[in-house]
Amino acid sequence: MSQTIYLGSDHAGFELKEKIKDFLKLNEYLVEDLTPGPIDLQDDYPDAAAKVAAKVLETNGLGILICGSGNGICLAANKIKGIRAALGYNTQAAKLAREHLNANILCLAGNILQPDYAQAITRHFLETPFSNDERHKRRIEKIEK
């Protein structure tokens with residue numbers, strides 16, 4: 001794969017982020033880890049979200065963010081204009097996030113998801129293209145307004 005995937009997490013998502021990073025490299029994705037560690041128990045997920053969102057917007061790329069529940073980091077990312085972050089709570093949600101929403105950031109729950117399942121969710125997200133259906137484009141335009 002030639003596209004770089006941008007990764008970020010807070011301390012609660014750090015361990016899963018490391019496993020996702022290894023999985024991506026094993027599958028020949030280029031990876032840029034924007035929160036490489038060491039773990040900082042005082043870090044804040046909005047900071048990780050901002051770093052990844054900036055790179056995703058700069059490169060028109062894709063990112064993966066991980067915090068304890070996935071919710072906080074997803075909410076923070078979605079406050080940034082041009083970001084469409086989706087919570088990947090299962091493989092179908094990740095697939096539909098790309099297919100229908102053209103999501104550019106996948107958010108995962110480090111305290112909830114087992115690594116193997118998180119990897120499956122990640123695979124579905126990265127391997128699913130946007131459908132380009134007119135109804136989905138129309139809905140995304142409304143969200144962006």
Side-chain angles (χ1 to χ4, degrees), residues 1-133 136-137 139-141 143-144:
M1 301 288 154
S2 60
Q3 183 179 27
T4 299
I5 307 301
Y6 300 98
L7 297 179
S9 73
D10 68 357
H11 60 277
F14 188 83
E15 186 177 325
L16 182 59
K17 179 197 53 119
E18 292 297 302
K19 292 185 186 319
I20 294 295
K21 180 168 49 176
D22 292 343
F23 166 77
L24 292 171
K25 288 180 177 179
L26 185 66
N27 286 278
E28 300 181 1
Y29 284 92
L30 299 174
V31 177
E32 186 173 337
D33 185 351
L34 300 174
T35 55
I39 292 177
D40 176 1
L41 297 178
Q42 300 301 312
D43 64 5
D44 294 318
Y45 56 79
D47 298 329
K51 287 178 187 177
V52 170
K55 287 299 262 187
V56 166
L57 291 172
E58 176 187 317
T59 64
N60 196 29
L62 295 175
I64 300 172
L65 289 168
I66 309 170
C67 70
S69 70
N71 287 307
I73 209 159
C74 194
L75 182 81
N78 276 316
K79 294 290 185 180
I80 299 166
K81 186 172 176 56
I83 293 300
R84 291 176 307 282
L87 185 60
Y89 54 89
N90 66 28
T91 55
Q92 184 69 4
K95 179 181 182 294
L96 291 174
R98 289 287 298 139
E99 191 175 277
H100 292 188
L101 307 172
N102 201 15
N104 50 15
I105 294 180
L106 173 66
C107 299
L108 298 171
N111 289 341
I112 299 167
L113 295 171
Q114 293 300 312
D116 287 348
Y117 195 51
Q119 291 168 358
I121 292 168
T122 299
R123 183 181 301 280
H124 276 76
F125 182 81
L126 296 176
E127 292 180 357
T128 302
F130 179 53
S131 72
N132 268 316
D133 284 353
H136 298 310
K137 290 196 272 188
R139 293 168 184 162
I140 291 168
E141 283 180 27
I143 290 167
E144 289 175 350

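Sequential numbering from 1 along the given sequence is applied to the chain's residues. A quick note: this is a predicted structure, and the numbers were derived from the prediction, not measured.
- Between Glu144 and Arg84, at least one side-chain nitrogen of the basic residue sits less than 4.0 Å from a carboxylate oxygen of the acidic one, meeting the salt-bridge criterion.
- Within a 6.0 Å sphere centred on CD of Gln114, other residues, nucleotides and ligands contribute 12 heavy atoms or fewer.
- Note: Thr128 OG1 to Gln92 CD = 9.0 Å, rounded to the nearest 0.5 Å.
- In this structure, Arg98 CZ and Leu106 CG are separated by 10.0 Å, a value rounded to the nearest 0.5 Å.
- Residues Leu7 and Leu24 have side chains in contact (heavy-atom distance under 4.5 Å, counting atoms from C-beta outward).
- We find the CD1-CD distance between Ile5 and Glu32 to be 11.5 Å, quoted to the nearest 0.5 Å.
- Here the closest heavy-atom approach between residue Gly72 and residue Cys67 is recorded as N-SG, 3.9 Å.
- His11 and Ile39 get closest at one heavy-atom pair: CB-CG2, 3.6 Å.
- The environment of CG in Asn132 is crowded: more than 12 heavy-atom neighbours from other residues, nucleotides or ligands sit within 6.0 Å.
- The minimum heavy-atom distance linking Ser9 with Ala48 is given by the pair O-CB, 3.6 Å.
- Tyr89 OH: 12 or fewer foreign heavy atoms inside a 6.0 Å radius.
- Between Ile105 and Val52, some side-chain heavy-atom pair lies under the 4.5 Å cut-off.
- Scanning both residues, Gly70 and Cys107, for their nearest heavy atoms gives O-CB, 3.8 Å.
- Side-chain contact between Gln3 and Tyr29 is absent, with no heavy atoms from C-beta onward closer than 4.5 Å.
- Inter-residue side-chain proximity for Asp33 and Glu18 is flagged as met; some heavy-atom pair is nearer than 4.5 Å.
- Of the possible polar contacts, none joining the Asn111 side chain to the Ser69 backbone as a donor-acceptor pair under 3.5 Å is found.
- Between the Asn104 side chain and the Ile83 main chain, no donor and acceptor come within less than 3.5 Å of each other.
- Heavy atoms of other residues, nucleotides or ligands lying less than 6.0 angstrom from NZ of Lys137 number more than 12.
- In this structure, the side chains of Lys17 and Thr35 come closer than 4.5 Å at one or more pairs of heavy atoms.
- Considering only residues two or more places apart in sequence or on other chains, Lys19 meets the side chain to side chain donor-acceptor pair (under 3.5 Å) condition with none of them.
- Residues passing the side chain to side chain contact (heavy atoms under 4.5 Å, CB included) test with Ile143: none are found, sequence neighbours excluded.
- Across all non-hydrogen atoms, the minimal contact from Ala77 to Ala49 is N-CB, 3.8 Å.
- Judged by distance alone, the side chain of Asn90 and the main-chain N or O of Ala93 form a donor-acceptor pair under 3.5 Å.
- With a 4.5 Å cut-off on side-chain heavy atoms, Phe23 and Arg123 count as touching.
- Other residues, nucleotides and ligands contribute over 12 non-hydrogen atoms within 6.0 Å of the CD atom of Glu99.
- Rounding to the nearest 0.5 Å places CD1 of Ile121 at 8.5 Å from CD1 of Ile20.
- With contacts defined as side-chain heavy-atom distances shorter than 4.5 Å, the pair Leu108/Ile64 qualifies.
- Formation of a donor-acceptor pair under 3.5 Å by the Asp10 side chain with backbone atoms of Ala12 is found in this model.
- Looking at heavy atoms from C-beta onward, Tyr6 lies in side-chain contact with Thr59 at the 4.5 angstrom threshold.
- One finds the OG1 atom of Thr91 at 4.5 Å from the NE2 atom of His124 (value rounded to the nearest 0.5 Å).
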